[in-house]
Amino acid sequence: GATLTGDISDYTKGQVGAHLDDWDYAGSGPDHTRWVYRASIRQRILPYVYARLLYQYEDYSSTGANFDESLYMLTVTHLF
């Protein structure tokens with residue numbers, strides 16, 4: 001997998017990435033392939049208070065089973 005992180009502004013950080021899982025069982029079971037893509041933005045709202053918005057897309061394929069999944073997540077964090 002690979003991840004790229006950067007500062008968008010003084011209080012905003014962005015991150016994008018992709019990850020591949022590829023299982024090949026050489027005849028002893030079904031093969032599986034899974035791609036996971038992520039993008040997130042983290043914003044400082046107040047000193048010690050941050051919000052993070054994350055989007056994740058997963059593409060899974062296997063012998064006999066396939067699915068795609070989207071995940072959205074918003075977190076607010078207060079650091080003490």
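Worth knowing before you read on, the calculation uses all heavy atoms, side chains too, and leaves out hydrogens, waters and symmetry mates.
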task = Please assess Y55 against S70 for the test side chain to side chain donor-acceptor pair (under 3.5 Å), listing each intermediate value before the final yes or no.
result = CA-CA 7 Å; Y55 172 71; S70 291; 3.1 Å; yes
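- By the 6.0 Å contact criterion, CG on L53 is enclosed, its count of non-hydrogen atoms from other residues, nucleotides or ligands being greater than 12.
- Atom CG of N66 is separated from atom CG of D59 by 8.0 Å, given to the nearest 0.5 angstrom.
- Between M73 atom CE and R38 atom CZ the span is 7.5 Å, to the nearest 0.5 Å.
- Stacking of R42 on the aromatic ring of Y50 is recorded, both the 6.0 Å distance cut-off and the 45° axial limit being met.
- Neither L4 nor W35 shares a network with the other; the hydrophobic side chains, linked directly or stepwise wherever heavy atoms of I, L, V, M, F, W or Y lie under 4.5 Å apart, form separate groups for each.
- Residues that satisfy the side-chain hydrogen bond (donor to acceptor under 3.5 Å, both in side chains) test with S62, not counting sequence neighbours, are H32.
- For the atom pair CG (D68) and OG (S61), the distance works out to 9.0 Å, reported to the nearest 0.5 Å.
- Taking the side-chain hydrogen bond (donor to acceptor under 3.5 Å, both in side chains) definition, one finds that T12 meets it with S9, Q43, sequence neighbours left out.
- Residues T5 and V16 have side chains not in contact (no heavy-atom distance under 4.5 Å, counting atoms from C-beta outward).
- The cluster map of Ile, Leu, Val, Met, Phe, Trp and Tyr, joined by side-chain heavy atoms under 4.5 Å apart, puts L46 and V76 in the same cluster.
- Within 6.0 Å of OH in Y48 there are 12 or fewer heavy atoms belonging to other residues, nucleotides or ligands.
- Put simply, CD on E58 and CZ on F67 are 4.5 Å apart, with the number rounded to the nearest 0.5 Å.
- Hydrophobic clustering, with ILVMFWY side chains joined whenever heavy atoms are under 4.5 angstrom apart, groups Y72 together with Y57.
- Looking at every heavy atom in both residues, H78 comes nearest to V49 through CD2-CG2, 3.3 Å.
- Distance check, rounded to the nearest 0.5 Å: CG of D22 to CG of D31 gives 7.5 Å.
- Atoms CD and CD1, from Q15 and I41 in turn, are 11.5 Å apart once rounded to the nearest 0.5 Å.
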